[in-house]
Amino acid sequence: MSTGIASRLLAWFDRHGRHDLPWQDTPSCRRTPYRVWISEVMLQQTQVATVIPYFERFVRALPHVRALANASEDEVFALWSGLGYYARARNLHRAARVCVERHGGELPAHFESLVALPGIGRSTAGAILALSRGERFPILDGNVKRVLARHAGVRGWPGARAVEEKLWALAESHTSHERIADYTQAIMDLGAIVCTRTLPRCGECPLSDDCTAFQQGLTAELPQPRPARALPVRNTVMLILRDAQQRVLLQRRGASGVWPGLWSLPESEDLALASNLAAKFAHLNGTHAETLQPFAHAFTHYRLHVQPLLWRGVRMHRAIADTQDLRWCAGGEFAHLGMPAPVRKLLNAIIQDRRAPQGPG
DNA sequence: AAGGCGGGGGA
DNA sequence: TCCCCAGCCTT
């Protein structure tokens, strides 16, 4: 039986963790809440190696809360320039002014006041209190989410509410009762150095004995990526106008949009207007449409739902027959036309089965 | 070329 | 409440 993860993380941290980061205690500079705050906000979306020179420049120019509050926004942006996500810099600046107005020119010492400041959420507030004041608050940044999801075998995308709640609960329960600052740095370091997103170094990991992902060979599967975006859905009605000679009316698509220049079926955006449109192409002879099996076609950026409607035995309007972008087409001619795959499939299905035409599925 | 990343803000 | 976004970086 393994011990809790805290003692193993602390032992690992003493030997392999990062102890020389400029926002940690150094001979020349103590670890202050201000320096931890600046570093944590910089680290929110940026990796350690990138942050270090920005951090050093920032705290040299603005070494404490009052200096930041007194700076102009332009100066803060200049110091931030190149880090990206500039809302972070604006929030730092605004928060510093709140600290001067409401908290005596220091970062507040309580979680509720910290998390109320712009740019400080639950994880950053916890990191500030744990790292700079040694208070027992959990953090849950990307590294910690990965470590915990793998160790406990938590399925699902960490951005999903239920998954995130589970991870917070694990973070809370695992957080050490001693050496809080070291523990907090340790679990972040483990995620950054050992429990990396790809090719984790499980052979060097102090948690592998009871790591669910390692034991079950799931390190590549956890944490699960965000689900593919639900593609927007567009609807269209495709008109299949068939004359007595079993020809079908085709329409060449415009130069822009999907399937540019290909031959396809006339389309209506609206089912209710489809008959009106059909009547512009042909005499419908009083027949009404057969509603065929609808089908979907996936594009990179959206999903197209197609409702095909079939009219049999219509008679073409002579006036539209000669138009360059319209043609009545017999089954044997389809093969020679550039035609979207789902449309070709639909037409083939209809031509092969005259009595019970189905969509292409 | 694609996806990760804490928190804010809009729907 | 959920979802999207920002900008840069790594893979």
Side-chain angles (χ1 to χ4, degrees), chain A residues 23 36-55 57-58 73 76-99 107-108 111-132 137-150 154 156-168 170-172 184-185 187-201 213 219-233 299-302:
Chain A
W23 44 87
V36 170
W37 173 40
I38 302 300
S39 69
E40 283 300 318
V41 172
M42 287 184 171
L43 290 165
Q44 278 171 3
Q45 276 87 8
T46 312
Q47 296 217 330
V48 166
T50 307
V51 160
I52 287 174
Y54 283 90
F55 174 83
R57 189 176 61 159
F58 194 100
E73 192 168 75
V76 179
F77 279 139
L79 290 164
W80 203 269
S81 178
L83 273 178
Y85 280 101
Y86 297 95
R88 292 185 290 170
R90 182 180 304 113
N91 285 334
L92 274 183
H93 190 228
R94 286 168 50 206
R97 295 194 163 179
V98 172
C99 289
L107 273 182
F111 182 87
E112 289 72 19
S113 306
L114 272 177
V115 87
L117 293 172
I120 298 181
R122 181 176 176 182
S123 185
T124 301
I128 292 168
L129 291 174
L131 290 169
S132 70
F137 282 90
I139 65 163
L140 194 63
D141 72 359
N143 287 322
V144 178
K145 285 176 182 172
R146 192 167 54 251
V147 170
L148 295 177
R150 283 175 174 164
V154 176
W157 174 52
R161 184 176 174 72
V163 177
E164 190 173 22
E165 277 180 19
K166 193 177 293 183
L167 292 172
W168 269 115
L170 288 165
E172 161 65 29
T184 303
Q185 189 65 50
I187 193 166
M188 290 192 289
D189 284 1
L190 190 81
I193 296 168
V194 171
C195 194
T196 50
R197 189 153 65 88
T198 57
L199 299 178
R201 297 161 177 81
T219 53
E221 272 60 57
L222 298 177
Q224 290 181 248
R226 82 177 288 149
R229 291 249 169 105
L231 293 174
V233 174
F299 292 95
T300 313
H301 49 305
Y302 66 93

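Small disclaimer: the values here were computed from a predicted structure and weren't measured. Throughout, a chain's letter reflects where its sequence line sits, starting with A, and its residues are numbered from 1.
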Fill in: Atom pair distance, as rounded to whole Å: OH in Tyr54(A) and C1' in dG7(C)
11 Å
Practice prompt. Determine the minimum heavy-atom distance between Glu164(A) and Pro158(A), stating which atoms define it.
Written response: CB-O, 3.5 Å
Worksheet item: Relative to the ring of Trp80(A), is the ring of Phe58(A) parallel (under 30°), tilted (30 to 60°) or perpendicular (over 60°)?
Response: perpendicular
Practice prompt. Could you tell me whether the side chain of Val48(A) reaches within less than 4.5 Å of the side chain of Met188(A), counting heavy atoms only?
Written response: no
Fill in: For atom CD1 of Ile193(A) and atom P of dT10(C), their distance in whole Å
16 Å
Worksheet entry | Any donor-acceptor N/O pair under 3.5 Å between dG6(B) base and Gln45(A) side chain | yes
Worksheet entry | From CZ (Arg122(A)) to CZ (Phe111(A)), nearest 0.5 Å | 6.5 Å
Practice prompt. Counting heavy atoms from C-beta on, name the nucleotide in dG6(B), dC5(B), dC9(C) closest to the side chain of Thr50(A).
Written response: dC9(C)
Worksheet item: Taking C-beta and beyond as the side chain, do Arg150(A) and Pro200(A) meet within less than 4.5 Å on heavy atoms?
Response: yes
Worksheet entry | Selection: residues 113-121 of chain A, any non-hydrogen atom under 4.0 Å of DNA chain B | Leu117(A), Pro118(A), Gly119(A), Ile120(A), Gly121(A)
Worksheet item: Which atoms form the tightest heavy-atom contact between Gln44(A) and Thr124(A), and what is the distance?
Response: NE2-OG1, 3.0 Å
Discussion item. Between Asn91(A) and Thr46(A), which residue's closest nucleotide on DNA chain B lies nearer the 5′ terminus?
Written reply: Thr46(A)
Worksheet item: Which listed nucleotide (dG7(B), dT11(C), dG4(B)) is nearest to the side chain of Ser123(A)?
Response: dG7(B)
Item to complete: Taking all heavy atoms of Ile139(A) and all of Val144(A), pick out the closest pair and write down the distance.
Response: O-CG1, 3.7 Å
Worksheet item: When all nucleic acid strands are considered with a 4.0 Å heavy-atom cut-off, which category describes Gly82(A): base, sugar-phosphate, or nothing?
Response: sugar-phosphate
Practice prompt. Would you kindly compare Ala49(A) and Ala87(A) by the position of their nearest DNA chain C nucleotide and give the one closer to the 5′ end?
Written response: Ala87(A)
Discussion item. Can you measure Leu140(A) atom CG to dC5(B) atom C1' for me and round it to whole angstrom units?
Written reply: 12 Å
Worksheet item: Can you find a heavy atom in the side chain of Val154(A) that is under 4.5 Å from one in the side chain of Val163(A)?
Response: yes
Worksheet item: Side chains of Thr46(A) and Met42(A): does their closest heavy-atom pair fall under 4.5 Å?
Response: no
Item to complete: Would you kindly give the CE-to-C1' distance between Met42(A) and dG7(C), to the nearest whole Å?
Response: 15 Å
Worksheet entry | Arg88(A) vs dG8(B): side-chain N/O to OP1/OP2 distance below 4.0 Å | no
Worksheet item: For Arg90(A) and dG7(C), what is the distance between atoms CZ and P respectively, to the nearest whole Å?
Response: 9 Å
Worksheet item: Given the P atoms of dG8(B) and dC9(C), what is the spacing between them in whole Å?
Response: 23 Å
Worksheet item: Between dG6(B), dT11(C), dG4(B), which nucleotide has the shortest distance from any of its atoms to the side chain of Gln44(A)?
Response: dG6(B)
Fill in: Nearest listed nucleotide, side chain of Arg161(A), among dG4(B), dG7(B), dC2(C)
dC2(C)
Worksheet item: Over how many whole Å does the gap from Glu164(A) atom CD to dC2(C) atom P extend?
Response: 11 Å
Worksheet entry | Selected nucleotide, minimal atom distance to Thr124(A) side chain, candidates dC8(C), dG6(B), dG4(B) | dG6(B)
Worksheet item: Hey, does Arg122(A) reach any base, or is it just sugar-phosphate, or nothing, if we go heavy atoms under 4.0 Å?
Response: sugar-phosphate
Practice prompt. Provide the closest heavy-atom pair for Cys99(A) versus Leu117(A) in the form atom of the first, atom of the second, distance.
Written response: SG-CD1, 4.0 Å
Worksheet item: Could you give the CZ-to-P distance, from Arg226(A) to dA2(B), as a whole number of Å?
Response: 15 Å
Worksheet, complete the sentence: Partner of Trp23(A) under ring-ring contact (aromatic ring centres under 6.0 Å, His included), picked from Trp37(A), Phe55(A), Tyr54(A), is Phe55(A)
Practice prompt. Have a look at Arg146(A) and say if it touches a base, only the backbone sugar-phosphate, or nothing, with a 4.0 Å heavy-atom cut-off.
Written response: sugar-phosphate
Worksheet item: How many Å lie between NZ on Lys145(A) and C1' on dG7(B), as a whole number?
Response: 10 Å
Worksheet item: Just to confirm, is there a sub-4.0 Å distance from OP1 or OP2 of dG8(B) to any side-chain nitrogen or oxygen of Tyr85(A)?
Response: no
Practice prompt. For dG7(C) and dG10(B), measure between their P atoms and round to the nearest Å.
Written response: 15 Å
Discussion item. So that I can compare with my own list, what are the stems of DNA chain B, taken as at least three consecutive Watson-Crick or G-U pairs with distances under 3.5 Å?
Written reply: B:1-5 with C:7-11, B:7-11 with C:1-5
